[in-house]
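Everything on this sheet refers to the single structure shown next.
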Amino acid sequence: MPELPEVETIKNGLSILKGQSITKLNILSTHCLRPNHNRFHSLRGQVVTNISRRGKLLIIHLSSGNFLIFHLKMTGKLILADFQDILDKHTHLEFFFKSNRLFFNDVRKFGFVCLFSKQELLEWNFWRTLGPEPFKISSIDFAQQISKSKANIKSLLLNQKIIAGIGNIYADESLFISKIHPLSKANKIPFNILQNLHKNLIFVLKKAISLGGSSFKDYVNSLGKRGNFQDHFFVYSRAGKSCYKCKNTLKKIKVAGRTTIVCLKCQKRYE
Ligand SMILES: [Zn+2]
């Protein structure tokens, strides 16, 4: 699933659309459209005034004051056609601009697209309950928020209501760098270690953004290009391989229903 760095990379790639108007929209399937497909016909003639990201959501701001919001979920892709013509059976939307075409493709079909007024956006439960952006919360506030909970630390990092944009990759990587076992009880982790976790999370996210995100499975950016952060994984996808720090074999466990990779020697379990 594209996480914060991947969506940020896509956002940057789509900035070319700013100031362009949607000349035509080709709706190839309607299942992904919220709240209904009828209102999407109003997109014709709308100018893209800005493109932003919130958590894992990509938001296209329109001249009407409305917002076009994409959640790519497992396999959603937004690709500019000038660079790769990928119209196929997995294409659900095709946006025409004066000098570009934008495709929304999704093999697994979990992704969705909302067309909301500002009021609807603000009332949308998913939006209202999104936690802070990792870059916009201080390490002290992060540690305070996390230390209130008895839940395990990884499930909190994955919880979009606690902090927005983190998924399996960046949770595992930041916990490894912070030497915290993913099953550690949050309220048992020392405050300074939690502050350090926030700093490492920022470090990992920024590095991933600078490398164009991670392309472990399907992810490609808006130019159809793969990211490079997967070449820098310490633990993610490395079960059974040796830890780069201590040479111990990395173990695969389940946390919050998600496959999790841990070094039992490097990562301390607080409980
Ligand atoms: Zn180790």
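Residues take their numbers from the sequence shown, with the count starting at 1. Order of listing sets the numbers, starting from 1, for every ligand and every atom in it.
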Under 4.5 Å side-chain heavy-atom separation, chaining through any Ile, Leu, Val, Met, Phe, Trp or Tyr, what else clusters with Leu183? Say none if it is isolated. Ile253, Val255, Val262, Leu264
Looking at His92 versus His31, is the centre-to-centre ring distance below 6.0 Å? yes
Cluster overlap Leu78 with Met1, hydrophobic side-chain contacts below 4.5 Å: no
In terms of side-chain heavy atoms, does Asn196 have a donor or acceptor partner in Lys179 at a distance below 3.5 Å? no
Tyr270/His181 aromatic ring centres below 6.0 Å: no
Ignoring waters, protein N/O/S atoms under 2.8 Å from the Zn ion (ligand 1) are Cys243 SG, Cys246 SG, Cys263 SG, Cys266 SG
Non-hydrogen atoms of Pro182 and Asn152 that approach each other most closely: O-OD1, 3.5 Å
